[in-house]
Novice: 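My questions will all concern the structure given below.
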Amino acid sequence: MRGSPVWDYCNSAPSQKKLLLIDVDCGTDDAQAIMMAIAAPNVKILGITCVGGNTPLDNVCKNVLRVLQVCDRSDIPVYRGASKSILGESMHASDFHGKDGLGDVPDPDAPGLEHIQKEHAVDAMKRLVSKYPGQISLVATGPLTNLAIAVKMDPKFPEKLYSLYIMGGNMESRGNTTACGEFNFLADPEGAYIVLNEFLCKTYIATWEHSCRSKLSWEWYDQWVNTGTKKADFIKKIYAHSLQYSRSEKEVKAIVDGPGFISCDSYAMAAAIDGSTVTKVIECAVTVELCGKFTRGMMVLDLIDELKKKNKAFVMNGCDMKKFTKLMEACVK
Ligand code: BDR
């Protein structure tokens, strides 16, 4: 365990712009995380790869195009990846994100799928990390299927990355989809298992509990979405459905430590943009439960080094809320 600031090793990034590759299953918080990256002046987004998850893959692709349109960044290439988990299953989170993944708000001007690149997401990921070896931070905010396929196709893929940031899993067995299952890991437990066991690069994980503990107040949220900019209006619109669900009995029970606004994917993104948003980590080997009747998809922290794994992950366990809030505020400007 570590209790000291972690940015020195968390993000001693190159002096030029940080190169990001973002892998999403674009629901509301993915959308918001993409907007955060776009707003960050120290970041260059090389591409956004899509994976089925919160909503079916076509919606994911369309949602990313919509986000880029709102941000006037339709120049960022978007790639279509895996539609189903490694075992061929689909799990969506329409209760929270709406059937279309962005709150089911009509958008007559939504760009069409013809704007998606022809190249497959996994091919694009492999090509880009080979073009910029050791320079790309990969931020994954959906099920880890594309990443798992990438490492199976190219076992050297992880070592060509600068670092990996994941939103997923849990550190105290708290679930948000099943009793012990966080959505992204539960949607593809085998994918998560492959990534946590085969990506031997620096890996930072923002779990469900970390996200809950780093929530913002509803008062802050109200001010944030009412700043009157095009981006704030967009966020307000797409989040309306999710906020209703946030008050449902299931969600209220799932949220750790009381109410507030949680944009889960933004904690992984914030860490990639500015490592000093992470104030504390648990450094240990991690894996995923695949067989448990009640615990399938649960992340396992090997705090006693039982697994004898060489590679340790940094499980985020503290957030600099001042810095995080600034990054959130920037994304609606
Ligand atoms: C994660 O699950 C998804 O529904 C969210 O987009 C986030 O990535 C939170 O458990």
Novice: Can you find a pair of side-chain heavy atoms, one from E182 and one from E209, that are under 4.5 Å apart?
Specialist: no
Novice: Classify the angle between the aromatic ring planes of Y239 and Y221 as parallel (below 30°), tilted (30 to 60°) or perpendicular (above 60°).
Specialist: perpendicular
Novice: Is any side-chain heavy atom of F294 closer than 4.5 Å to one of S173?
Specialist: no
Novice: Show, in sequence, the C-alpha distance, side-chain angles and deciding distance for R73 and D75, and conclude whether the salt bridge (Lys or Arg N to Asp or Glu O under 4.0 Å) test is met.
Specialist: CA-CA 5 Å; R73 286 303 312 271; D75 57 297; 2.9 Å; yes
Novice: Show your working on side-chain hydrogen bond (donor to acceptor under 3.5 Å, both in side chains) between T277 and D320 and close with a plain yes or no.
Specialist: CA-CA 5 Å; T277 58; D320 183 323; over 6 Å; no
Novice: If you apply the rule side-chain hydrogen bond (donor to acceptor under 3.5 Å, both in side chains), what do you find for T145 with S85, and how did you get there?
Specialist: CA-CA 6 Å; T145 323; S85 74; over 6 Å; no
Novice: What pairs with K156 under salt bridge (Lys or Arg N to Asp or Glu O under 4.0 Å), at least two apart in sequence or on another chain?
Specialist: none
Novice: Can you tell whether the side chains of D257 and K215 come within less than 4.0 Å, N to carboxylate O?
Specialist: no
Novice: Tell me the ring-ring contact (aromatic ring centres under 6.0 Å, His included) pairs involving residues 35-71, sequence neighbours left out?
Specialist: none
Novice: Closer than 3.5 angstrom, by distance alone: can the side chain of H241 be matched with the main-chain N or O of F96 as a donor-acceptor pair?
Specialist: yes
Novice: Please go through V122's hydrophobic cluster and name the other residues, only I, L, V, M, F, W, Y counting, with side-chain heavy atoms under 4.5 Å joining them.
Specialist: I86, I149, M153
Novice: Using atom types as modelled and distance alone, determine if a side-chain donor or acceptor of N42 lies under 3.5 Å from a backbone N or O of K18.
Specialist: no
Novice: Between W218 and Q223, is there a side-chain donor-acceptor contact under 3.5 Å, judged purely by atom types and distance?
Specialist: no
Novice: Apply side chain to side chain contact (heavy atoms under 4.5 Å, CB included) to residues K237 and V225 and explain how you reach the verdict.
Specialist: CA-CA 9 Å; K237 237 174 24 186; V225 294; over 6 Å; no
Novice: Do the side chains of T203 and K312 get nearer than 4.5 Å, heavy atoms only?
Specialist: no
Novice: If you measure only the distance, is there a donor-acceptor pair under 3.5 Å linking the side chains of S266 and Q32?
Specialist: yes
Novice: Once side-chain hydrogen bond (donor to acceptor under 3.5 Å, both in side chains) is applied, what residue pairs with a partner in residues 113-124 remain, sequence neighbours excluded?
Specialist: E119-R127
Novice: In chain order, what residues pass the side chain to side chain contact (heavy atoms under 4.5 Å, CB included) check against S90, with sequence neighbours excluded?
Specialist: K84, H92
Novice: Going by the rule side chain to side chain contact (heavy atoms under 4.5 Å, CB included), which residues pair with T178 if we only count those two or more places apart in sequence or in a different chain?
Specialist: L186
Novice: Do any pairs count as a ring-ring contact (aromatic ring centres under 6.0 Å, His included) and have a residue in residues 173-200, sequence neighbours left out, and if so which ones?
Specialist: F157-F199
Novice: Can you name the one residue among T207, V286, T287 that meets side-chain contact (heavy atoms from CB on, under 4.5 Å) with L301?
Specialist: V286
Novice: Would you name the heavy atoms of N170 and M299 that are closest together and state the gap between them?
Specialist: OD1-N, 3.0 Å
Novice: Is there a donor-acceptor contact under 3.5 Å linking the side chains of N54 and H97?
Specialist: yes
Novice: Closer than 3.5 angstrom, by distance alone: can the side chain of T229 be matched with the main-chain N or O of V332 as a donor-acceptor pair?
Specialist: yes
Novice: Evaluate I235 against M35 for side chain to side chain contact (heavy atoms under 4.5 Å, CB included), listing each step before the verdict.
Specialist: CA-CA 10 Å; I235 290 193; M35 291 169 79; 3.9 Å; yes
Novice: Mind checking side chain to side chain contact (heavy atoms under 4.5 Å, CB included) for D72 and listing every partner two or more places apart, or none if nothing turns up?
Specialist: K230
Novice: Residues in side chain to side chain contact (heavy atoms under 4.5 Å, CB included) with K152, at least two apart?
Specialist: I194, E198
Novice: Please determine whether side chain to side chain contact (heavy atoms under 4.5 Å, CB included) holds for the pair V195 and V151, giving the CA-CA distance in whole Å, both sets of side-chain angles, and the decisive distance to 0.1 Å.
Specialist: CA-CA 8 Å; V195 170; V151 70; 5.6 Å; no
Novice: Taking only residues two or more places apart in sequence, or in another chain, which ones meet D100 in a salt bridge (Lys or Arg N to Asp or Glu O under 4.0 Å)?
Specialist: R66
Novice: Pairs of donor and acceptor atoms involving the side chains of residues 44-52, under 3.5 Å and at least two apart or interchain, shall be tabulated with distances.
Specialist:
unit_1	atom_1	unit_2	atom_2	d
T49	OG1	I22	O	3.3
T49	OG1	D23	OD1	2.6

Novice: Measure the shortest side-chain to side-chain distance between M269 and Y165 over non-hydrogen atoms and say whether it is less than 4.5 angstrom.
Specialist: no
Novice: Which heavy atom in C201 sits nearest to a heavy atom in N311, and how many Å separate them?
Specialist: O-ND2, 3.6 Å
Novice: Using side-chain heavy atoms (C-beta onward) and a distance below 4.5 Å, is D30 in contact with D25?
Specialist: yes
Novice: Run the salt-bridge test on K308 and D302 with the 4.0 Å N-O cut-off and return the result as yes or no.
Specialist: no
Novice: Might you work through the side chain to side chain contact (heavy atoms under 4.5 Å, CB included) test for S163 and Y204, ending with a clear yes or no?
Specialist: CA-CA 8 Å; S163 49; Y204 305 94; 4.0 Å; yes
Novice: Show your working on side-chain hydrogen bond (donor to acceptor under 3.5 Å, both in side chains) between K99 and N59 and close with a plain yes or no.
Specialist: CA-CA 9 Å; K99 281 198 190 67; N59 291 344; over 6 Å; no
Novice: Can you name the salt bridge (Lys or Arg N to Asp or Glu O under 4.0 Å) partners of K333, sequence neighbours left out?
Specialist: none
Novice: Taking the side chain as every heavy atom from C-beta outward, state whether L138 and V129 have any atom pair closer than 4.5 Å.
Specialist: no
Novice: Do V60 and N63 have side-chain heavy atoms sitting under 4.5 Å apart?
Specialist: no
Novice: Measure the shortest side-chain to side-chain distance between D95 and Y245 over non-hydrogen atoms and say whether it is less than 4.5 angstrom.
Specialist: yes
